[in-house]
Structures are given as C-alpha cells and as structure tokens.
Number of protein chains: 2
Amino acid sequence: MRNTRRSFLYHDVATALRSRIARGTYPPGERLPSLSELMEEFEVSAITVRRALTELTYEGLIRGHQGLGVFVKEKPRIHRVLAGDPDRSIGDEIARAGFTPRLEEVGFNELEADDDVAARLRVPRGSRLFMHQKLTFANDEPVALHSWWFRPRLAKQLRTDLSEQFIFPLLKKRKIDVENLRCEFSSTALREEHAAHFGQPAGSPMMRIDYTMTTKAGAPVIIGQTVARADRFTFEVNLSQRRGRR
Amino acid sequence: MRNTRRSFLYHDVATALRSRIARGTYPPGERLPSLSELMEEFEVSAITVRRALTELTYEGLIRGHQGLGVFVKEKPRIHRVLAGDPDRSIGDEIARAGFTPRLEEVGFNELEADDDVAARLRVPRGSRLFMHQKLTFANDEPVALHSWWFRPRLAKQLRTDLSEQFIFPLLKKRKIDVENLRCEFSSTALREEHAAHFGQPAGSPMMRIDYTMTTKAGAPVIIGQTVARADRFTFEVNLSQRRGRR
DNA sequence: CTAAATTTGTGCGTATGTATA
DNA sequence: GTATACATACGCACAAATTTA
C-alpha cells in the first residue's frame with residue numbers, strides 16, 4: 001500500500017511556496033514573508049516552515065540572509081556552449097547572462113599522479129604532473145572551479161598564459177590541436193575540499209564535467225574537470241550525426 | 001568578518017559520516033549506526049543527527065528505511081553515451097551497470113503546444129502536437145523519464161514502435177536522418193508533476209537534458225527531454241574538433 | 001497471529017546565537 | 001542599544017515500517 005502517500009506538512013508548505021514563486025506571486029528578488037508570518041498563515045510550527053525553506057534552498061529557488069529575510073533568487077543561468085566557437089570564452093557567456101565575469105588562478109602545482117588521474121591520462125601512477133586551478137566569478141560570486149592536469153612539458157609551455165586566459169582559446173592560439181574532446185556530465189554534492197572556494201556548505205548541489213582531450217589516435221593529452229554551481233549553469237553541446245563516430 | 005565560519009554541530013557530524021563512507025569504514029550496502037547510537041557517540045541531540053543524515057540523503061550517499069536503518073548506497077552509475085553507437089541503447093547501458101533494465105510507456109497524448117515547446121519546435125503556439133513519455137527502470141526502480149514532442153505526421157509514423165523501442169535506434173531503423181543534435185545539460189529539482197513517477201519527494205536532485213534534433217538546415221524536427229536521477233547517471237558526449245563548427 | 005521492541009521520519013515548543021536595519 | 005529575522009540546537013511526542021519474541 002505504498003501508493004497511499006499521505007501528505008506531510010513541510011511538503012505541503014514547500015509545494016505552496018514553490019508554486020507561488022513559479023507563478024510570480026513572489027517575484028525574483030522579492031522577500032518572502034517572515035518565518036513567523038508563514039507559521040501563522042499555514043498554521044504550522046517553526047520547524048515545519050524551516051524545513052520547507054531548507055528544501056527550497058537546496059533547490060536553488062531561494063536564499064536566506066540572517067537578519068534580513070529570505071529572498072527569491074534571480075534566475076538567469078550562465079549558458080555555456082562547450083566546444084563551440086573557441087573565440088567565445090566562458091567569460092563572454094557570463095557577461096551575456098548579465099553578470100560581471102572575473103577569473104582568479106587558485107594554484108599551479110606540481111604533483112604526483114594519483115590512481116584516478118593516472119588512469120585518465122594514461123601515465124604511470126606517481127608520475128610528475130602539473131595541476132592548474134582557476135575560479136570563475138559572476139558578480140564577485142564564485143560559480144565554477146576548473147582544474148586541469150598536464151604533463152610537465154605542456155605545462156611549461158602554457159604556464160604564463162594560463163593564469164589570465166581560458167584554456168580553449170589558449171590552445172587555439174598556440175596551435176595545439178586537440179582532435180577529440182570527451183565530456184562526462186554528472187551531478188554531485190560540493191565536496192569538503194572545494195567548499196571553501198565557493199563559500200558554500202559542503203553538500204550543495206553541483207554539476208561536474210570531466211574533460212578528456214585526445215589526439216586523433218585517442219591518446220589523452222590534457223584532462224580537466226569543471227565543478228559548477230548547479231543553479232547557475234546550463235551546458236550545451238552540439239553533436240552532428242555524420243556517419244557513426246563509434 | 002565572514003571568514004570566521006564557526007563550525008556547526010550538524011555539519012561536523014555530516015563531515016565525519018561522509019569521510020567514514022568515503023574511506024570505507026561504512027562500506028556500500030552496510031547499515032549505519034542507529035540514530036541513538038550516533039547521538040551517543042557524537043554527544044548531540046536527535047535533531048542534529050537527523051539533519052546530518054538529511055544532508056547525506058540529499059547528496060545521494062545514504063538511504064533510510066523506516067524500521068530497518070540507514071544504509072550506504074551502492075554507487076554504480078549508469079553511464080549513458082549520447083549520440084554514440086545508435087545500436088547501443090540506454091537499456092544496454094543500464095545492463096552494463098549491473099541492473100535489469102525495463103521500459104514503460106507512460107503516455108502518448110495529443111496536446112496543444114505551449115509557449116516553451118512552440119518556440120523550441122518553431123511552430124505556432126497552440127499547434128497540435130503529440131507527446132510521448134517513457135520511464136526507464138533499473139531493477140524496478142524508476143531512474144529516468146523521457147519526453148518527446150512530435151508533429152502529428154511524424155508521431156503517427158513512429159507511434160507503434162515508440163512504446164517498445166528507444167528513440168535513437170528507432171530513428172536509424174526508419175531512416176529518418178537527423179543531422180544535428182543539441183543537448184542542454186542542467187541540474188534541477190524534481191518537479192511536483194514528475195514526483196509520482198519516481199516515487200520520490202519533489203525537490204530531489206535531478207539531471208535534465210533538453211534535446212533538439214535538427215536537419216542540416218537547422219530546422220527542428222523533434223524535441224525531447226530527459227529527467228534522470230542525479231545520483232544514478234553520468235552522461236557522456238564526444239566532440240570532434242574538426243574545423244570550427246560555429 | 002499477536003504483541004513488543006527497534007528504528008527512521010515528522011512535528012511541536014522553546015531557547016540561543018548572529019546578522020541587519 | 002533595540003527590534004527584527006534567520007539559523008542552530010535541545011527535549012519531547014508520536015506515527016510508520018520492520019524485526020523479533
């Protein structure tokens with residue numbers, strides 16, 4: 001008798017608020033009624049309203065500020081087209097969404113390949129590699145963290161420009177031709193080690209894209225990863241279907 | 001003074017549990033200590049443990065069963081390669097992940113195009129269209145909902161096979177050639193109207209892919225959408241970089 | 001078959017901390 | 001300093017699902 005899903009209070013409240021946001025009763029940027037007002041209106045306790053608000057926060061619909069109130073989030077997403085025009089960078093796309101883009105190098109480190117990276121780059125475990133990490137901001141809010149792993153030679157070749165340029169335009173400029181780009185999209189929770197960069201609690205919903213750039217022969221050249229705030233991004237790819245690419 | 005992030009109890013508990021799961025102290029499939037045991041160990045109240053568990057549930061790490069306990073989720077993801085080999089369907093990929101795939105038609109309806117669909121298919125608002133919806137299961141658990149919108153003519157042509165076949169192999173069989181496939185990846189919360197299909201609460205983290213199939217000239221032929229459980233899927237695409245595709 | 005025990009899940013009342021106006 | 005409002009945390013009660021006696 002699993003279908004007799006009785007309803008729960010917090011769920012009803014969350015649903016009601018969701019629909020008000022969707023239909024514009026609470027438009028983007030506006031403040032929601034206070035906790036105590038919502039308690040009165042729905043005739044429930046604080047913890048029930050709280051739980052409903054927590055859910056909507058996870059969904060990226062609202063954001064609370066202590067002492068101020070809870071606000072409906074502005075919705076424009078950054079629309080990132082992967083492997084599109086290499087002259088159009090993620091910076092341009094952030095600007096198109098109406099935000100001011102900024103770029104900040106987090107680190108450029110030498111390290112030894114762990115199991116995961118070694119397998120993806122097809123180098124022996126423990127090999128010397130370089131990792132480059134960059135944060136992108138939209139209106140001074142960090143929205144995506146990009147990590148790239150290079151073999152030493154390529155790392156030295158690109159080092160100076162990496163801190164100021166995005167990688168796709170850079171590769172084009174340096175005439176390093178990458179024949180194939182494999183992207184793996186998944187959805188994760190913000191990991192503890194990345195939480196500080198985003199100023200958000202570990203566990204926030206994130207999108208993750210793992211990149212593998214390969215030569216024509218299929219040998220991996222560069223691997224990378226983007227961890228982006230799930231509520232701020234849409235990623236687009238265009239696939240042309242000319243004969244089976246296998 | 002925003003950097004003096006004092007720590008919170010529920011956060012500390014969540015972090016501790018997360019790391020135990022990560023390092024295998026609680027291996028996949030195993031039961032976590034009960035609420036009251038965790039309360040004792042961490043010397044916190046029930047509500048604090050509860051909130052930590054709620055977070056891990058949102059992250060897809062654990063799953064609770066009333067009367068039984070809380071269990072670490074088995075992690076194999078279904079790895080879906082989009083526009084890869086058209087002979088390999090999502091069913092095969094579910095099987096590869098170690099689950100039994102199943103397919104269930106949810107509906108085939110005539111409807112009038114709303115604003116969103118009309119714009120994407122480039123038909124007048126209110127045009128007659130057909131929508132086809134299918135659920136895919138892995139071990140009898142619904143994991144993805146696929147929706148497709150067709151113009152009437154195409155809908156009639158494909159109708160009979162749609163309930164039993166996946167769309168990519170079907171198009172190949174019928175020699176309907178689609179020159180370009182645009183995929184837009186985003187991350188959303190499970191909507192109220194879809195919650196019943198998945199037997200999960202509205203707001204659960206989902207991945208969403210919007211498809212637009214176009215002819216060489218760029219005219220949209222079929223549009224579709226996949227809503228998939230974020231914790232169960234990885235989507236892969238392969239982009240070859242031969243000359244700027246614009 | 002029934003009853004008790006265990007365990008998760010929902011909900012209330014209350015207190016305290018902290019950020020903002 | 002004061003008022004407001006969100007955020008965290010405690011103790012308690014009860015409902016629902018499962019196992020065990």
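All figures in this text were calculated on a predicted structure; none of them were measured in a lab. Quick note on labels: first sequence line is chain A, next is B, and so on, each numbered from 1.
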Check your understanding: Within this structure, what is the CZ-to-P distance between F71(A) and dT4(D), rounded to whole angstrom?
Key -> 17 Å
Point to revise | E110(A): partners by side-chain contact (heavy atoms from CB on, under 4.5 Å), with sequence neighbours left out | key: R128(A), F130(A)
Check your understanding: Quick one: M39(B) CE to dA9(D) P, roughly how many Å, whole number?
Key -> 14 Å
Protein N or O to nucleotides 6-9 of chain C N or O, pairs below 3.5 Å:
residue : atom : partner : partner atom : Å
dT7(C)  : O2   : G67(B)  : N            : 3.1
dT8(C)  : OP1  : L35(B)  : N            : 3.2
dT8(C)  : OP2  : L35(B)  : N            : 2.8
dG9(C)  : OP2  : R50(B)  : NH2          : 2.6
dG9(C)  : O4'  : Q66(B)  : OE1          : 3.1

Point to revise | Rounded distance (Å) that lies between atom P of dA9(D) and atom CZ of F42(B) | key: 14 Å
Check your understanding: Mind checking what makes side-chain contact (heavy atoms from CB on, under 4.5 Å) contact with P27(A), not counting sequence neighbours?
Key -> E30(A)
Study note, to complete from the structure: Using Watson-Crick geometry (N1-N3 plus N6-O4 or O6-N4) or G-U wobble (N1-O2, O6-N3), each under 3.5 Å, dG1(D) is paired with none
Review point. In terms of side-chain geometry, is the basic nitrogen of E105(A) or R159(A) positioned less than 4.0 Å from the acidic oxygen of its partner?
Key: yes
Point to revise | Length of the line joining Y58(A):OH and dA7(D):P, which is rounded to integer Å | key: 13 Å
Review point. Does T48(A) have a side-chain nitrogen or oxygen under 4.0 Å from the phosphate oxygens OP1 or OP2 of dT10(C)?
Key: no
Review point. Are S147(B) and Q133(B) close enough that a side-chain donor and a side-chain acceptor fall under 3.5 Å?
Key: yes
Practice item. Consider only side-chain N and O atoms of T226(B) and H146(B), and report whether a donor and an acceptor are under 3.5 Å apart. Key: yes
Exercise for review: Remember a base hit wins even if backbone is also touched, and classify L9(B) as base, sugar-phosphate or nothing at under 4.0 Å, heavy atoms.
Suggested key: sugar-phosphate
Practice item. Look at R229(B) together with E141(B) and state whether they make a salt bridge at an N to O cut-off of under 4.0 Å. Key: yes
